[in-house]
Amino acid sequence: MRDWWTPETRKQFENRTQLLIEQYNSFSTLEGIHLNGKQTLGENIGDLTGVVVAHTAYQLYLKDHPDKKKNLNGFIPDQRYFLSFAQVNRSLYTPEVYQLVQKRIIMRLPIPCKGCSKKY
């Protein structure tokens, strides 16, 4: 495969991904159990990109619909966006499940799961 990146582009990418790795390494699901930012880097880049693209689309929507750009329940539009993102992505697991996930025993597989919601 041909490498189409310039040396400067690769350096910038590696510098930025290292920051993301370090950020995710600092996240802890349980005391003493930290995420492995390098191991989850691809998914983290995808998730972050999705949040940024969706937020940009929301900003464009608000630009076209200024009547929707108002505070609701004490929250400005950007706050509501990020609260909504957090609520959609929240999960509650037992400590044992967090330990299994951290060890990468549980993978995202398209198989039936007793007690799982249908969207998964």
Side-chain angles (χ1 to χ4, degrees):
M1 184 167 14
R2 184 176 150 272
D3 186 359
W4 52 271
W5 283 12
T6 66
E8 181 60 27
T9 301
R10 176 160 303 284
K11 183 179 177 183
Q12 288 181 18
F13 177 79
E14 289 172 355
N15 289 342
R16 291 176 185 180
T17 56
Q18 184 58 41
L19 292 172
L20 202 55
I21 289 168
E22 291 170 10
Q23 180 181 6
Y24 276 80
N25 282 345
S26 72
F27 296 160
S28 177
T29 54
L30 293 172
E31 188 173 330
I33 299 178
H34 289 269
L35 296 178
N36 182 333
K38 187 172 183 178
Q39 188 176 28
T40 60
L41 183 60
E43 185 171 349
N44 300 340
I45 290 171
D47 290 346
L48 180 58
T49 301
V51 170
V52 170
V53 169
H55 185 254
T56 300
Y58 180 57
Q59 293 300 314
L60 292 171
Y61 172 82
L62 291 176
K63 187 176 178 181
D64 290 343
H65 300 88
D67 57 307
K68 302 290 184 183
K69 193 173 185 175
K70 56 186 173 182
N71 295 359
L72 293 175
N73 299 321
F75 296 105
I76 64 172
D78 279 345
Q79 289 174 315
R80 292 194 319 271
Y81 171 82
F82 287 106
L83 284 170
S84 173
F85 171 75
Q87 288 175 337
V88 165
N89 288 286
R90 71 180 180 199
S91 299
L92 181 61
Y93 300 109
T94 64
E96 294 80 14
V97 170
Y98 274 122
Q99 290 170 346
L100 290 174
V101 170
Q102 181 61 27
K103 292 176 184 175
R104 305 298 282 175
I105 294 173
I106 296 177
M107 302 260 197
R108 290 185 177 182
L109 298 175
I111 58 174
C113 173
K114 183 177 180 181
C116 294
S117 72
K118 290 186 179 187
K119 74 176 194 175
Y120 294 108

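Being a predicted model, the structure only gives us computed values, none of them experimental. One is the number of the first residue; the rest follow in order along the sequence.
- Aromatic pair Phe27/Tyr24: ring centres closer than 6.0 Å.
- With contacts defined as side-chain heavy-atom distances shorter than 4.5 Å, the pair Ser26/Leu35 does not qualify.
- Closest approach of Gly37 and Asn25 over heavy atoms only: N-OD1, 2.6 Å.
- Distance check, rounded to the nearest 0.5 Å: OG1 of Thr40 to CG of Leu20 gives 8.0 Å.
- Residues Gln59 and Asp78 meet the side-chain proximity criterion, which asks for heavy atoms closer than 4.5 Å.
- The NZ atom of Lys69 lies 13.0 Å from the OH atom of Tyr61; values are rounded to the nearest 0.5 Å.
- Panel note: side chain Thr6, backbone Thr9; a donor-acceptor pair is recorded below 3.5 Å.
- Side-chain atoms of Ile21 and Lys38, non-hydrogen and from C-beta on, do get closer than 4.5 Å to each other.
- Counting heavy atoms from C-beta outward, Asn44 and Gln23 have side chains that stay 4.5 Å or more apart.
- Of all heavy-atom pairs spanning Lys68 and Arg80, the tightest one is O-NH2, 3.8 Å.
- Follow the hydrophobic side-chain contacts under 4.5 Å out from Val52 and you reach Phe13 in the same cluster.
- With rounding to the nearest 0.5 Å, the separation of CZ in Phe82 from OH in Tyr58 is 10.5 Å.
- Of all heavy-atom pairs between Gly74 and Gln79, the closest is O-OE1, 4.1 Å.
- By the neighbour-count criterion of 12 heavy atoms within 6.0 Å, atom CG of Asn73 is sparsely surrounded, having that number or fewer from other residues, nucleotides or ligands.
- Residue-environment remark: CD (Glu14) exceeds the threshold of 12 foreign heavy atoms within 6.0 Å.
- Taking 4.5 Å as the limit, every side-chain heavy atom of Gln12 sits out of range of all side-chain heavy atoms of Trp5.
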